[in-house]
**Student:** 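I have a structure I would like to understand better, so I am pasting it below and will then ask my questions one at a time.
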Amino acid sequence: MAESVPSPLLEEPAWRSWLRGLAIAAVAALFLAYLGPFDTHGFPFATRILYWGVLMLGGAVWGRIAGQWIADLPVFAGRLFLTSAVLTLVIAAPGVFAVWDFTSVVFGQPLLVATLPYFIGPVIAVSAVMTLISMAADRRPRETHAAPGAKPARFLDRLPPKLKGAELYAVSAEDHYLRIHTDRGSDLILMRLADAVGELQGLEGAQTHRSWWVAKSAVTGADRGDGRAVFTLKNGVKAPVSRTYARVLRREGWY
């Protein structure tokens with residue numbers, strides 16, 4: 001059961017995210033070395049291990065750096081497809097030249113400009129797959145925090161007149177609208193949840209489901225139904241918790 005007063009959510013240590021990304025890259029390198037795609041099957045396995053290991057681990061490091069930069073840009077907030085597409089291109093752009101050059105070194109092939117275009121498709125394909133795998137592995141609930149001395153959440157200015165000054169419990173998506181749950185009842189406004197979560201910064205809470213944001217102080221209990229966790233809020237409303245986020249929220253003390 002969560003406490004009735006807000007407490008800071010614990011961020012996942014950066015080293016753990018990096019280690020997970022490198023582990024995924026290492027497994028992918030072994031898999032590709034075994035398969036020998038893109039005409040690498042004719043070379044010794046040790047050479048393929050070296051080739052794919054350097055490329056995949058190097059790509060993972062660059063992808064992690066680029067991903068952290070992209071994640072800080074507001075335009076990508078809540079836009080998984082756009083984020084993955086842009087990140088794929090950011091990884092692949094320098095990757096094409098790196099793979100072209102490294103292939104020449106490892107396999108003793110001449111470095112010809114005419115061969116460069118042949119690397120574009122494979123590099124983009126591998127970058128896209130690895131980006132999607134890494135984003136799925138790193139997927140976490142979008143969190144909002146109440147920092148001491150911070151300005152009130154901008155979202156509170158959007159509350160309808162009858163809810164002004166109310167304690168916000170949760171926000172849930174209903175088609176193109178958001179239902180605002182408070183201690184004074186609920187009402188609808190026209191807005192996307194992804195945009196709302198960005199404006200909820202300043203309140204301690206998290207996205208518990210793709211269609212729900214919940215204030216941590218509003219949670220009075222947690223139950224399981226059909227194998228899924230459900231939060232009970234102060235007003236008795238049940239807020240679903242997706243399996244994707246349940247483990248993270250449990251680790252951070254929500255229930």
**Student:** When clusters are formed by joining ILVMFWY residues with side-chain heavy atoms under 4.5 Å apart, either directly or through shared neighbours, do W69 and W18 land in the same one?
**Tutor:**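 Yes, one cluster joins them.
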**Student:** If you group Ile, Leu, Val, Met, Phe, Trp and Tyr by side-chain heavy-atom gaps below 4.5 Å, do V230 and W213 land in one group?
**Tutor:**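 No, separate clusters.
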**Student:** Nearest 0.5 Å, what's the OG1-CH2 distance between T47 and W52?
**Tutor:**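 One finds 13.5 Å between OG1 of T47 and CH2 of W52.
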**Student:** Checking side-chain contact (heavy atoms from CB on, under 4.5 Å) for the pair S186/I180: CA distance, chi angles, key distance, verdict?
**Tutor:** CA-CA 5 Å; S186 68; I180 304 172; 5.9 Å; no
**Student:** Does L87 share a hydrophobic cluster with L57, counting links as ILVMFWY side-chain heavy atoms below 4.5 Å and allowing steps through other members?
**Tutor:**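 Yes, same cluster.
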**Student:** If you measure from CG on L50 to CZ on F43, what distance do you get to the nearest 0.5 Å?
**Tutor:**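 Nearest 0.5 Å value for the CG-CZ distance: 12.5 Å.
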**Student:** Parallel under 30°, tilted from 30 to 60°, perpendicular over 60°: which one fits the rings of F107 and Y51?
**Tutor:**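 If you compare the ring of F107 with that of Y51, the planes turn out tilted.
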**Student:** Please confirm whether the backbone N or O of Q109 pairs with a side-chain atom of S104, one donor and one acceptor, at under 3.5 Å?
**Tutor:**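 It does hold such a pair.
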**Student:** Do L163 and P160 have side-chain heavy atoms sitting under 4.5 Å apart?
**Tutor:**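 Of all side-chain heavy-atom pairs linking P160 with L163, at least one is under 4.5 Å.
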**Student:** Please indicate whether F45 has more than 12 foreign heavy atoms, meaning atoms of other residues, nucleotides or ligands, lying under 6.0 Å from its CZ.
**Tutor:**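 Yes, the 6.0 Å shell around CZ holds more than 12 heavy atoms from other groups.
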**Student:** For the atom pair OG (S172) and NE2 (H209), what is the distance rounded to the nearest 0.5 Å?
**Tutor:**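 Going from the OG atom of S172 to the NE2 atom of H209 covers 11.0 Å.
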**Student:** Are I65 and I70 linked, directly or through intermediate hydrophobic residues, by side-chain heavy-atom contacts shorter than 4.5 Å (ILVMFWY only)?
**Tutor:**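 Yes.
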**Student:** Consider only side-chain heavy atoms of I, L, V, M, F, W and Y, link residues closer than 4.5 Å, and tell whether V197 and L233 are in one cluster.
**Tutor:**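 No: no chain of side-chain contacts under 4.5 Å links V197 to L233.
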**Student:** In terms of heavy-atom contacts, does CG of D39 have more than 12 from other residues, nucleotides or ligands at under 6.0 Å?
**Tutor:**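 Open: at most 12 neighbouring heavy atoms sit under 6.0 Å from CG of D39.
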**Student:** Could you tell me whether the side chain of T208 and the main chain of P240 form a donor-acceptor pair under 3.5 Å?
**Tutor:**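 Yes, T208 side chain to P240 backbone: donor-acceptor pair under 3.5 Å.
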**Student:** Would E174 and R179 pass as an ion pair if we require N to O under 4.0 Å?
**Tutor:**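 Yes, this pair counts.
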**Student:** Measure from the ring center of W212 to the ring center of H181 and say whether it is less than 6.0 Å.
**Tutor:**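 They qualify: ring centres under 6.0 Å apart.
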**Student:** Without swapping roles, check the side chain of D175 against the backbone of Y177 for a donor-acceptor pair under 3.5 Å.
**Tutor:**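 Here the side-chain-to-backbone pair does not exist.
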**Student:** Would the distance check show the side chain of Y255 and the main-chain N or O of A246 forming a donor-acceptor pair, the cut-off being under 3.5 Å?
**Tutor:**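 A pair under 3.5 Å: yes.
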**Student:** Answer yes if the ring centres of F231 and W254 are under 6.0 angstrom apart, and no otherwise.
**Tutor:**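 Centroid distance F231-W254: below 6.0 Å, so yes.
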**Student:** Please report the interatomic distance CG(D187) to CG(L178), rounded to the nearest 0.5 Å.
**Tutor:**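 D187 atom CG to L178 atom CG measures 11.5 Å (nearest 0.5 Å).
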**Student:** If we ignore hydrogens and angles and just use 3.5 Å, is the side chain of K164 paired with the main-chain N or O of L159 as donor and acceptor?
**Tutor:**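 Present.
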**Student:** Quick one, R158 with E199, criterion side-chain contact (heavy atoms from CB on, under 4.5 Å). Give me CA distance, side-chain angles, the key distance, then yes/no.
**Tutor:** CA-CA 10 Å; R158 296 182 180 274; E199 294 188 3; 2.7 Å; yes
**Student:** Tell me if a side-chain donor or acceptor on T144 pairs with a main-chain N or O of L203 at a distance below 3.5 Å.
**Tutor:**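 A pair under 3.5 Å: yes.
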**Student:** Apply salt bridge (Lys or Arg N to Asp or Glu O under 4.0 Å) to R184 and E167, showing your working.
**Tutor:** CA-CA 8 Å; R184 298 182 187 175; E167 181 184 355; over 6 Å; no
**Student:** So does F102 have more than 12 non-hydrogen atoms from other groups sitting under 6.0 Å from CZ?
**Tutor:**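 More than 12 heavy atoms, drawn from other residues, nucleotides or ligands, come within 6.0 Å of this atom.
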**Student:** Roughly how far, to the nearest 0.5 Å, is the CG atom of L30 from the CZ atom of R48?
**Tutor:**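 Answer for the CZ-CG pair, R48 versus L30, is 11.5 Å.
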**Student:** Within the distance-only criterion (no hydrogens, no angle test), does the side chain of S84 pair as donor or acceptor with the backbone N or O of F81 below 3.5 angstrom?
**Tutor:**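 Such a contact is found between S84 side chain and F81 backbone.
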**Student:** Does the side chain of W100 pick up a donor-acceptor pair with the side chain of T115 at under 3.5 Å?
**Tutor:**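 Yes, a side-chain donor-acceptor pair sits under 3.5 Å.
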**Student:** Where is the tightest heavy-atom contact between V90 and A66, given as atom of each residue plus distance?
**Tutor:**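 Smallest heavy-atom distance, with atoms named: CG1-CB, 3.8 Å.
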**Student:** If you apply the rule side-chain contact (heavy atoms from CB on, under 4.5 Å), what do you find for M56 with V126, and how did you get there?
**Tutor:** CA-CA 9 Å; M56 299 308 292; V126 173; 4.0 Å; yes
**Student:** Let me see the working for T232 and V219 under side-chain contact (heavy atoms from CB on, under 4.5 Å), right down to the final yes or no.
**Tutor:** CA-CA 6 Å; T232 300; V219 179; over 6 Å; no
**Student:** So do the side chains of V96 and F119 get within less than 4.5 Å of each other, counting heavy atoms only?
**Tutor:**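 Result yes, sub-4.5 Å side-chain heavy-atom pair found.
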**Student:** What is the distance from atom OG1 of T103 to atom CG of L111, rounded to the nearest 0.5 Å?
**Tutor:**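 Separation between the atoms: 9.5 Å.
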**Student:** Check R154 with D157, please: is the shortest side-chain N to carboxylate O separation under 4.0 Å?
**Tutor:**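 No salt bridge links D157 with R154.
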